[in-house]
Amino acid sequence: PEEIETRWQARWAAQPELYAAEPASSSKPKYYVLEMLPYPSGQLHMGHVRNYAIGDALARYMWMQGYNVLHPMGWDAFGLPAENAAIKNNTPPRQWTQKNIAAMKQQMNRLGLSYDWAREVTTCLPDYYRWNQWFFLRMYERGLAYRKQSKVNWCPECQTVLANEQVINGYCWRHEDTLVEQRELEQWFLRTTQYAQELLNGLDKLDAWPERVRTMQRNWIGRSEGATVAFTIEGRSDLVKVFTTRIDTIYGATSLQLAPEHPLIRAFAEANPELATQVAALITEQEHAREAGDVGGIEKHGVFTGNYAINPFTQERVPVWAANYVLLDYGTGAIMSVPAHDERDYDFASKYGIAIKQVIRETGTAEAQPLPFTSEDGVLVDSGEWTGMSCTEAQQKMTAFAKQKGFGEATITFRLKDWGVSRQRYWGTPIPMLYCKRDGIVPVPDDHLPVLLPQNVEITQEGGSPLAKLPGFVNAVCPKCGGPARRETDTMDTFVDSSWYFYRYTSAKNDKAPFDTTAVAYWFPIDQYIGGVEHAILHLIYSRFWTKVMRDLGLIKNDEPAARLFTQGMVIKNGAKMSKSKGNVVSPDEMIARYGADAARMYSLFAAPPDRDLDWQEDGVAGVSRFLSRVYRFVMRHAEMARASSGAMGAVPAEATALVRKLHQTIRKITQDFGGRWHFNTSIAAIMELMNELTAADASIAEGRIPPPVVANVLESLVLMLAPFAPHLSSELWEQIGRSDAVLRHPWPKFDEALACEDETEVPVQINGKLRALIRVEVDISREALEAAARADERVQAALAGKTVVKVIVVPGKLINFVVR
RNA sequence: GCCCGGAUGGCGAAAUCGGCAGACGCAGCGGACUUAAAAUCCGCGGGCCCGAAAGGGCUGUGGGGGUUCAAGUCCCCCUCCGGGCACCA
């Protein structure tokens, strides 16, 4: 393999036009296939190999089906590892990154992947990140980028802020053992919440995305429909607004529970030192729970503030509490507690002796239900004028009433929060903003872009942005007043880079705009996007958001970036995901050196369906490698015969019908697999079966009983069908059988349904559902003839002897079952 | 707790519509070739039982129940494994 593969790789490198997408004027239909771009760590791992093997097989197949294929690759090149490496090896991040890119690109080429390298995108280069800045300015103009003081997630290891999406169970997504702290900082945010509803709605239309990903996104967006209701505070002029999805239970509200950080609690605490101490304890408990990574498991604690609110529906006094389980940043940071109809409120009320008042009863029964009764399938009781209404009716009418009286309104709450994009790191896109004493926040004018990332920076992990220590970077001139200004020293979250990179591929060299809008109009949406399910939330929500923003900027027409999404399974070894810490990493280089790129790629498609986890077994790679050698030896043995014949089949003698039938069945199977379920493991198994059939026919071929045109035709199709999976071997054999065009541009073989059709088949004969005989019959045999044939079989006769046939089930061509007594 | 997946030989897996369970490959065993080994080629192969063999019987897709002439596949209940979400009001 090494010799053949490196020879072909050299040839492909010398003719980049082979993998180059044609311009929009192409007469072919377009097909954009994309694998998620990697972080340039310097080493491909098996997960990458699997991802790219899937994408490359599809790209090659689509070329052969006559499509104009766009299949690009790039580098998600900003990020923390480059800075860590810089500290460790005293290498500038840019050098380290570019060295890694070169190494990985070389590995990709050694895998024989069909990328259009002329469109390569590297996100850490100014010709790319200047457009991050440009987009940021457009968002700023529209109020989609804004600055605010807020509590943020801070990873002490990264020494930077993290987005909510990057915090996993209280831990940093990059440092599984590092707890995320909360800090109060001025940060830039992108207003993802403005698109929350549209991001949610769009999921319904993405029916070619995995249901799992759509569900995860729905959960993440977390839409909740309800109402806000304002309670007045006794003896004060201000109000407390609560958010509830169960306004129908408001007659059962027996307390208000507020987040400990709630402004009203703060106000109460200021006047009451004892309360202040207790509230502080609640806040500490919340922080501890967060630090323990178990926010949900915290024991519920509360403190009565000594104050009362007035329920606007009942005019009843309800006590106001501060509770450690109420979150300031969800809803209004305050809830009405209805113990009779909420599990958590019930526990809390029981613990503190707060009144429990039932106001909902199950429809159709007069009996009391055990509390809490949380079903919404019920009727209101003890609820004044609303008594007797169903929950759903009451929800609507009571909300309308609250609105009319001015103390409440229908409200939709999302769990999704705005995207904090500021990072106190060096290796990222500088945020193009200035701070002027006179003019405040001033955006960098477009014609000053890009704000270049300085090259010679001392990187430490002492906290704060490294850029802040460079006077030459920080000190700038205010574009408005010409006075001195301070430059923003935070950089952008690297997820900004990957939110729109796939648009850049359509015109990667454009220096006038982020991309050529006509090229995007031609190529988008992406026809097939392929990557790991670990990006189901982060990258795939951000990039959907970015697409909607770009659409509203008038740059693109599509609402969604990718029409189809495929999430491949993980690569597992010895029961665990391959990782350095588990010590079960298999190096792609080693596999390629030992078995060749074709075998490594083909095995990664053969070992499991692509959406399932793949258990890496080196013996399996060896098996695929043996198979490829078998194909090579066989085709070479008969290459002469194939060379002398054009590939038109001609007449098929009886001895060749089985082989020809198998060929057409194989073409049909693989064509259908590509168009449908993508179970390439069975596609490859089908090619193996065809090879087995060929091996069986070896003597007939050698002795001339199968005509050369038939042999040529079968070999030609075999080689073509291998092309998506084993492109090097396929190209080599294509040439060896005397074909001079590129396999990639040769039409995919067509199957003939008539030739694929069996004329005889074995039909199982069952007696009471148990297999008793197999009979050989014509495929299109009639019911009567099939039954007669079955009854004629001696094993069947023996089994039926002395029994009464009650019923006969005949499925023509499939099965026959005698029900006997 | 809620929401998705999944469980099939010694192993990875197949069975697209309810119709022969285990295709294809790995490991294994037997044979051919070889002085020998490797490579290659041919053959066998779920389990239990009867049989010298040919062959035959029973049983078998995580467990229990059901529908059906027929269930890996459909329905109900349960167990285990993986993933996601989780004081979300």
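Numbered from 1 within each chain, the chains take letters A, B, ... in sequence-line order.
One finds no side-chain N or O of A/Asn692 lying less than 4.0 angstrom from the OP1 or OP2 phosphate oxygen of B/A23. One finds no side-chain N or O of A/Lys770 lying less than 4.0 angstrom from the OP1 or OP2 phosphate oxygen of B/A70. Taking only side-chain nitrogens and oxygens, A/Asn681 comes nearer than 4.0 Å to OP1 or OP2 of B/A14. Contact check, A/Arg214 against B/C85: no side-chain N or O comes under 4.0 Å of OP1 or OP2. Applying the 4.0 Å criterion to OP1 and OP2 of B/G56, one finds that A/Arg795 has every side-chain N and O outside that range. An OP1 or OP2 oxygen of B/G56 is reached within less than 4.0 angstrom by no side-chain nitrogen or oxygen of A/Arg772. Phosphate contact (OP1/OP2 of B/A15, side-chain N/O of A/Arg677, threshold under 4.0 Å): present. The side chain of A/Arg633 contributes an N or O atom lying less than 4.0 Å from OP1 or OP2 of B/C41.
Closest to the A/Thr695 side chain, of the nucleotides B/U16, B/A89, B/C42, is B/C42.
Figure legend. B/U73 is base-paired to no nucleotide; pairs are counted as Watson-Crick or G-U wobble with both atom distances under 3.5 Å. Across the strands present, B/C41 finds its partner in B/G31; the criterion is a Watson-Crick or G-U wobble pair with both atom distances under 3.5 angstrom. Base-pair partner of B/A23: not found among the strands shown (Watson-Crick or G-U wobble, both distances under 3.5 Å). Within the shown strands, B/U79 is the pairing partner of B/A7 under the Watson-Crick or G-U definition, both distances less than 3.5 Å.
Nearest heavy-atom pair across A/Thr399 and A/Ala410 is CG2-N, 3.4 Å.
Of the charged side-chain nitrogens involved, none lies within less than 4.0 Å of a carboxylate oxygen, so that A/Lys300 and A/Asp345 do not count as a salt-bridged pair. Under 4.0 Å is where a charged nitrogen must lie from a carboxylate oxygen, and between A/Lys351 and A/Asp347 no such pair does.
Every residue two or more places apart in sequence or in another chain was checked for a ring-ring contact (aromatic ring centres under 6.0 Å, His included) with A/Phe231, and none qualifies.
Between A/Val811 and A/Gly769, the residue anchored closer to the 5' end of RNA chain B is A/Val811, taking for each the nucleotide with the nearest heavy atom.
Comparing the P positions of B/C41 and B/G25 gives an interatomic distance of 11 Å, to the nearest angstrom.
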